Structure formats: structure tokens, C-alpha cells
Amino acid sequence: MKIKMRIITASYRQNDVTVELFGRSSDGKSVTALFFGFKPYFDYVDPSEDCISKMKNNPEFIDMEDKNLFLNGENVDVKRFYVKSPWKVPELRKICNCEALAADIPFHHRFIYDYDLGSSVNIEGELLEDEKKNYTTDIVIKINKIETAESFNPDLKILSFDIENSISTREIFVIGYSIYFKGKIQQGELSSNETSDEKSILNGFNDLITEEDPDIITGYNIDGYDLPLLEERMRANRIHFNTGRDFLPPRRIMDQFWRLHGRVIDDAWWAVKKVLHPKHESLNFVSNLLLNEGKENVNRIYIENEWKNRRDDVVKYCIKDSYLALMIYLKIRILDRNLYLSTVSMLPLDDVTNGGTSTYVDSILIRRADRESIGVPMSARRSSNETYEGGYVHTMEPGLYDMIVVLDFKSMYPSMIIKHNICFTTLSKNGEITAPNGAKFLSPDVKKGIIPDILEQLMKDRDEVKKQMKTDKENYEYFNGLQDAIKVLMNTFYGVLGTTFYRFTNREISSAITAFARQTITSIISDLENDGNKVIYGDTDSIFIESGKKTVDEAIDFGNKLSSEISQRENLVLEFEKVMDPLFSHGAKKRYAGKIVYPEENNGEILVRGYETRRTDSFNLQSEALKKVFDLILSRNVNGAKQYAEDLIKKVSAGDIDNEDLVISRSVKDFDTYKNASSMANVNAAKKMIERGEMFIPGMKVSWIVTNANRTPQEVEPFIDGETFNYRPDYIYYSKRLQETLNRVLESLDKEVEVVKNPQTKITDLFNEDSNKKKSETTNLDDFFK
DNA sequence: TGCCCTCGGGG
DNA sequence: GTGTACGAGGGCA
């Protein structure tokens, strides 16, 4: 039989080293596809006789083969060794002293690369009835023939769940779930009652997953809470946590992700963090923000009592939470994004969802290297603390600027790589292209590098998809998602090539890329200045110019004109991105705030870079005051901003402020998990709560007010909602912190006069670091990619 | 300046 | 599972 399927995850069976591909077929069935007989292998560069005999005598040895590969600028002889077990490779690659190649590629990736499979595949094979009992999928098929197919997006089943449990005994009370499939939502719960205990909840959960057979499992903070809890309770009840499509349990990877054979575990909270960067990350806040809908009213701090007294409400609350997580997950469209990304990077969905970014680049580059007989080095395990010069940052004079036009280089680093043929395959002493850092690369007519070639192709692909997006209105969404994913992939490419020690590149190559980029932007800036333009700021691939225009329309014309002039002259694309009016900076690099007036859809937005204060352990007043100050400055009311700041700090130092505005809160774990618990304010607040007979359970969030910051550690008193606070806050401490925050912004505006009078105590000048600023400053590329 | 430690979400 | 890794901020050397 023949089927077309989208690959969700790939793995292999330990017992017989059979490759397993899990996915959904074009007709909506869940599928396990098995490939028998694929063998692990890796290469040794020019191994000695001794090395070869060691390998041949190893019980893992199957076969060997001669190869000739391009490596570090020359062709070398290598021996390819085929072995029995993927998990033995880390051991085997250390048997000899010579260099091992491609000995750190996960086995399922090795398979996908070798058969050059994309995210969707056509399979010819036969149904395996006797294997059906080993998997939860609708069908199990033996692969006789497999090849990549045009990518398609099947309907995937998403299951979201949430658990309510006892804080003290950890016992699970209820698991609520919401399932999304083909546009419909189905809900339910598993709970303890007269006839059902925790054991039956846990077994019920396993059954639910097995029967529903979802492709995606989500929830809110399931990675860090619900899944570890399930694992713990399953163990306590001696129940196998067999929720995989092969009945194996989920496994925690690096204290971060969970991996489950056949399904993707995709925590909605992580997705929200990555995509949205919300001010607060709580389910209630985020669901109100995205869905205009909040959590049900249950007090989870007193969950045991709530469960005793309001069981039905707790069940409702639990289901609602699973529903909210599901709706958030759908709303932010992270699944679509990852599906597109898996399409363009030719990887299973799980690998783009829960894998590192270098995996995407590996997927493209390793296939290409194999095709062209280029050796695949191992990832360097060197500690790479060495930094190198990154992007160019133009220093900004402190002040308030009008009608600023912002120009952006389109794909600056990919453009540099393509233009200068930068690649590990072209790096050569004989190269006629010399980078500003001294690295030399062969010219494209002598040898075209594979990285520039791939990037050029990706750029062309993207333009092509964009064209289709415009002509094929019916499939606009699809093409738009695809072009965006290609952009992400290209960004990933230069991110990986530019920041770390990636297997195919090195420092010389990374710094050649950034050096060319600096050369390009600085020469354009000086051209602009020679033409009489006022360049006030620039960072890596952006240039800020004071247009001198009175109206937005004039500024837009100016921006368009500049962008087309320079783009033509330089044979690069410099896009006119936005107009800000006004723009404010106190003179530090990477810190500014501006009001956007163009493009129209962002008109009125306030853009703040580099000034944000940490939200979680700052007190309310701090962030509110900062926001107010920016509002005033960007309304050009600088004096008003100063006056406001001065008045506020005076008020605080005089104690004329509500206690609520000074509360700091953070969560506290078990005290003995801290290296230096006694010096931590949150721990000390929790200890005092216990002394006072207040409830404290490790993991709880604790609120406090600082009462004496002159002592080490600072003295704090817990702040309990609804109870009077009988201590005097350290108003001097609070006014100092407020002053620090506000001075970061205001200090530059009026240097002679201290912006704010010192409140009672002497405070040394803050932010006097700009005495010897150079005109040109550089920054590490890593900063740019944050 | 750079490293180490911690939190955030969840009950 | 031939796989290592979130991002921001404060404290401290």
C-alpha cells in the first residue's frame, strides 16, 4: 500500500534498532512507519592499522568502507565504520586518536538525511498487523520504499490538560482536559470521588492518551509542573507512565524539555514566553490579554479546602485552565509556525519544537555536505568564552530628536556571506577575497561556497514564495507562513555561523562576517554624512538619520529616497523601516525610546529599547514611574518629566506613599536548596512568615517590604495581603532605587544641575560612565541576537 | 566586565 | 539517546 504522511516525530527502537517515524497521513490516520535494517555509521580520518584492527575486533563492528572527503581545504582518505548500536557510537568514536567525523548525529537524523526526507513523505509498504499491539496509532506500516513528498498540513489532534493537587501530600485531585481536533473541542475530567482514587485518575490518564492518540500535548507550565508531578505520582502508585505512541513514558531532556515517542509535548507557557514576551506570564494575565477571558474563581493556595468544600467548582476551574491553555496555544499559532519551520528545515515537527537551532542548520548543511563528499566535523566541545568583535554600534549623543528616519539592511549577514563567498569550503590562503579581519576566501568563479550557495537559494525561494503569496490569494496564509519560516531559517543560519563554534565554521569565519558587515555600514554612514545627512545612531544593520523634515509625509519621502539611492549604489537592500518622532536617548548604546509615526499600523506606539526594568522583583512604583517619565518625555514635556520624578522621589523619601506600592514579591523554594539562603531577601521573608504562624509552603510566592537596607543581608518584613503592615518601610532605600531607575533616563538631559536632589543621604553620582566614549563602539554579535 | 545564581510559570 | 541548554536580571569578584 501507499501512504503520504507528515512526520511528527522520529526515533528508533532499542531492541532491534528499527527506525520509527510517527505521523498523520493525508487521510487523517495516525501512523507508525517502521524501517528495518538501517545501520549506524561514522568516519575516522586516515586511521592507522592499529586503529582499524581495534575497530574490527570490537563486537559492535559490522563493516567498513573507504571514502575520500574534503576537509579543512584538502581531500583526505577516511574509513567509514558501520556498527550495531547507535548508543555505542560515543564510546567507539574515542577508540582511536585520529579525528572522528559525523559521530554525533542522532540516529533518526542520520536516517532522514540519508534518505533526504522532508517534513512529509510518500511511503510504499505493507501493514504490520502483528506490530499493532506495540503502538497506539491507527496503522503500523513497514517501509519498503520512502521518499520526500510535497509538504502538507494534516489536521493534528491537540490535547491540553491541567492538574489540581494537594500542596502538602502532592496527591492528585483532578485532571481536566480539552481536546482540539478538526475545529472541534471536547472536554472532560478525571477526578477522585467515592468510587475513584488517585490510582484510577492516573490509569485514566494513560487510557485517555492511548485512546485519543493526540499528536500534540500541551498545557500551561506542564514542562515544569504537571509532567514532573505525573511522573512522581505514577511512581508513587507503581503505575507505568505509558503515554507514548510506543507506550514508553515521556523523558525529561536537560531539565528543560520532554520527549515522548510519537507525540510532541509543547508547553503553551514556553510558547507564550518565546512569541509574546508578556509583562506577566501567569495563565490569568495571558488569557485575559489574548482571549479577554480569565480563570475561574478558586483559591489555589487553599486548594485542599477548596477541594473539600467546592469540589464541582474546582473541577470546573481545572477544565477551564486546560481550555485556556489550549486556546492560548491556538491563538499564538505556534504550531503553524513550527510546521512551516519544519517544512523549510526538512525536520520532524518535534525537532523544531523542542530542538536547538543548530539542528535546523545541520539538517540543511549535512545533507549538502554528504552529497558533495565534504567531511562533517563533530560539534566542537571547546568552551567558547572567547568573544570577538560583533556588529558596529554608532554612539548617540544624549537628547531628544525629531523626525528620525530608520533604515535597515535586509538580511545583512546573509548578504555578506553571499557577496564575499564566505564559507568553510572557500577559506583558503590562496583566496583573492580578503576580509577586514585578514581571512581569505576563494572567489566564486574559482569555487562557489556551499553556505553562500544555500543562502542564495533560500533568498530566491523566499522571493518566489512571496510572489506566489501575492498571486494565489486563496493560499495566502500558507505562502505567508512559508516565507516567514524561510526568513527564520536564514536568520538561524547566520545566527549559528556567527555566534558559536558551530561544527562547520570557526572564529575566523564568524569574525570575517561581522568585519565585512562593519565595513559596509561604516562606509555607508560616512557617505551619508559626506552628503550632509545627520546620522545619529546605528546598530549592526540599522541606521538612524535626522531627516530635518517638518511633516511625516516629507520624512517618508526622504526615507524612501535615501533607501533606493543607497540600495542601488551599494548593491545591497537597505529598507526604509520607520519614522520616529520624537526619539530619545541618554547617550548609552542600545538604549533609546521613541514614538513611532510611520508605518501607519504602528502609529502612536512607544518603542523602548534597553531601559526596561525587571518586572518580577521590582516594586510597582518603579515600573509605573518609569513609564510615566517616558510618556512625558515623548510628549516633549521634559521639564514635566523632571518635575514628576523629583516630586515622586521626595514623596517617597518622606514616606508619603502607600505600602502596596513598595511590595516586592518572588517565589521561595525549600530553604536547603539555596547555596546561601540566609542572604536572600525572599528566604528571610518566608522564615518570618513561618515564625508568625503564617502558612508557607516551598514553591509559594512571598511578598515583602524592605525595612532596613543598611544591614547585610537587608532586613525585610513579609507583607500579607489584607493585614496591616506594622513596620516602617526603609523609605530611603526605596527612594534611592527609584532615583537610580529614573536617573538612568533623566540624568543626561541636564548635566549641570542634579536632576533630583539627594533624599537625605548622600548618593554618589550615577551614570557618569560616559566620560571617555569613543565614536565607534563595537559589541558582541551575541548581544544582537538576543 | 564577566560569571554565577535564581526565577518564571504551575498547586 | 551518535542529541546538551530559555532568557533576563541582580550580586559579586
Side-chain angles (χ1 to χ4, degrees), chain A residues 11-12 14 40-42 60 81 83 85-94 100-111 162-174 219-229 251 253-257 259 261 267-274 277-278 280-286 298-304 306-307 314 317-318 321 325 351 354-359 362 376 378-379 381 385 387 500 612-618 665-669 673-676 679-683 697-701 712-713 780 785-786:
Chain A
S11 49
Y12 69 93
Q14 287 267 350
Y41 63 85
F42 68 97
E60 283 289 318
F81 292 96
V83 299
S85 325
W87 60 91
K88 290 282 186 188
V89 173
E91 214 175 286
L92 296 168
R93 72 183 179 215
K94 279 187 246 156
L101 298 178
D104 59 352
I105 299 168
F107 188 56
H108 67 281
H109 287 154
R110 182 78 274 168
F111 176 76
D162 181 53
I163 303 178
E164 309 305 322
N165 70 296
S166 158
I167 300 174
S168 49
T169 71
R170 308 277 287 162
E171 185 197 336
I172 291 175
F173 298 140
V174 51
Y220 214 72
N221 194 24
I222 53 170
D223 280 2
Y225 189 81
D226 301 72
L227 288 169
L229 179 71
R251 294 182 343 264
I253 313 288
M254 284 297 102
D255 242 28
Q256 191 69 58
F257 302 116
R259 198 139 289 188
H261 286 177
D267 191 327
W269 172 56
W270 274 110
V272 161
K273 263 179 93 89
K274 266 214 301 231
H277 297 287
H280 303 284
E281 297 164 355
S282 66
L283 180 57
N284 196 42
F285 181 87
V286 174
V298 164
N299 191 344
R300 64 171 186 239
I301 293 292
Y302 302 106
I303 190 74
E304 278 99 346
E306 298 280 70
W307 183 245
V314 175
Y317 165 90
C318 182
D321 275 8
D351 292 273
N354 291 321
T357 49
S358 62
T359 318
D362 269 354
V376 177
M378 305 241 289
S379 300
R381 254 149 243 254
N385 295 334
T387 51
T500 52
E612 294 95 336
T613 52
R614 176 174 169 163
R615 279 118 180 175
T616 48
D617 86 337
S618 61
S665 43
R666 266 193 141 175
S667 68
V668 185
K669 296 187 292 186
T673 59
Y674 294 106
K675 301 230 159 185
N676 199 355
S679 75
M680 295 177 71
N682 55 344
V683 173
I697 291 135
M700 217 172 85
K701 193 164 281 183
T712 328
N780 194 300
F785 289 109
K786 278 176 187 165

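Below, chains carry the letters A, B, ... as their sequence lines are ordered, and counting in each starts from 1. Heavy atoms only: backbone and side chains are in, while hydrogens, waters and symmetry mates are out. Small disclaimer: the values here were computed from a predicted structure and weren't measured.
Among the heavy atoms of the strands lying under 4.0 Å from A:Asn165 are primed sugar atoms or P, OP1, OP2 only; no base atom is included. A:Phe42 comes within contact range of no nucleotide atom at all, as no heavy-atom separation falls under 4.0 Å. Here A:Met680 lies in heavy-atom contact (under 4.0 Å) with sugar-phosphate atoms only. Nucleic acid contact for A:Asp162: sugar-phosphate only, since backbone atoms but no base atoms lie under 4.0 Å from a heavy atom of the residue. If you check every strand for non-hydrogen atoms under 4.0 Å, A:Ile105 touches a base. Contacts of A:Leu283 with the nucleic acid, taken as non-hydrogen atoms under 4.0 Å apart, involve only primed sugar atoms and P, OP1 or OP2. Heavy atoms of A:Pro228 sit nowhere under 4.0 angstrom from any nucleic acid atom. Residue A:Gly699 is classed as a base contact, given a heavy-atom separation below 4.0 Å to a base. Here A:Phe173 lies out of heavy-atom contact (under 4.0 Å) with every strand. As judged by a 4.0 angstrom heavy-atom cut-off over every strand, A:Pro40 is placed among the base-contacting residues.
The side chain of A:Ser379 lies closest to C:dT4, out of B:dG11, C:dT2, C:dT4. Of the listed nucleotides (B:dG8, B:dG11, C:dG3), B:dG8 has the atom at the smallest distance from the side chain of A:Ser667.
Here, C:dG10 and B:dG9 have their P atoms 16 Å apart, quoted to the whole Å. To the nearest whole angstrom, the two C1' atoms, one in B:dT6 and one in C:dA5, are 16 Å apart.
The distance from atom CD of A:Gln14 to atom C1' of C:dT2 is 12 Å, rounded to the nearest whole Å. Taking atom NZ on A:Lys675 and atom C1' on C:dG11, their separation rounds to 15 Å, with Å as the unit. The separation between A:Trp269 atom CH2 and B:dC7 atom P is 12 Å, rounded to whole Å. The OH atom of A:Tyr12 sits 4 Å away from the P atom of C:dT2 (whole-angstrom rounding). Atom CZ of A:Arg259 and atom P of C:dT4 are 11 Å apart (whole Å). Rounded to an integer number of Å, the gap from A:Leu92 CG to C:dT2 C1' is 10 Å. In this structure, A:Ile253 atom CD1 and C:dG3 atom C1' are separated by 8 Å, rounded to whole Å. If you measure from atom CD of A:Glu281 to atom C1' of C:dA8, you get 10 Å, rounded to the nearest angstrom.
Between A:Lys701 and B:dC7 there is no side-chain N or O to OP1 or OP2 distance below 4.0 Å. One finds no side-chain N or O of A:Thr359 lying less than 4.0 angstrom from the OP1 or OP2 phosphate oxygen of C:dG3. Phosphate proximity of C:dG1 to A:Arg251: present, with a side-chain N or O under 4.0 Å from OP1 or OP2. Taking side-chain N and O atoms only, A:Lys669 has a distance below 4.0 Å to OP1 or OP2 of B:dC7. Within the 4.0 Å cut-off from OP1 or OP2 of C:dG11, not a single side-chain nitrogen or oxygen of A:Tyr674 is found.
Between the side chains of A:Asn165 and A:Tyr225, at least one donor N or O lies within less than 3.5 Å of an accepting N or O. With hydrogens and angles left out, the side-chain atoms of A:Ser166 and A:Glu171 include no donor and acceptor closer than 3.5 Å.
Aromatic ring orientation, A:Trp307 versus A:Phe173: parallel (interplanar angle below 30°, classes split at 30° and 60°).
No donor-acceptor contact under 3.5 Å links the side chain of A:Lys273 to the base of B:dG9. A donor N or O paired with an acceptor N or O is found under 3.5 Å between the base of B:dG10 and the side-chain atoms of A:Asn221.
Across A:Cys318 and A:Val174, no two heavy atoms sit closer than the pair SG-O, 3.9 Å.
At a threshold of 4.5 Å between non-hydrogen side-chain atoms, the residues A:Glu60 and A:Glu91 do not count as touching.
Each of A:Ile163 and A:Asn682 was assigned the nucleotide of DNA chain B with the nearest heavy atom; the assignment lying further toward the 5' end belongs to A:Asn682.
Residues passing the side chain to side chain contact (heavy atoms under 4.5 Å, CB included) test with A:Ala271 are A:Ile332, A:Ile334, sequence neighbours excluded. In terms of the salt bridge (Lys or Arg N to Asp or Glu O under 4.0 Å) criterion, A:Glu164 has no residue partners (sequence neighbours excluded).
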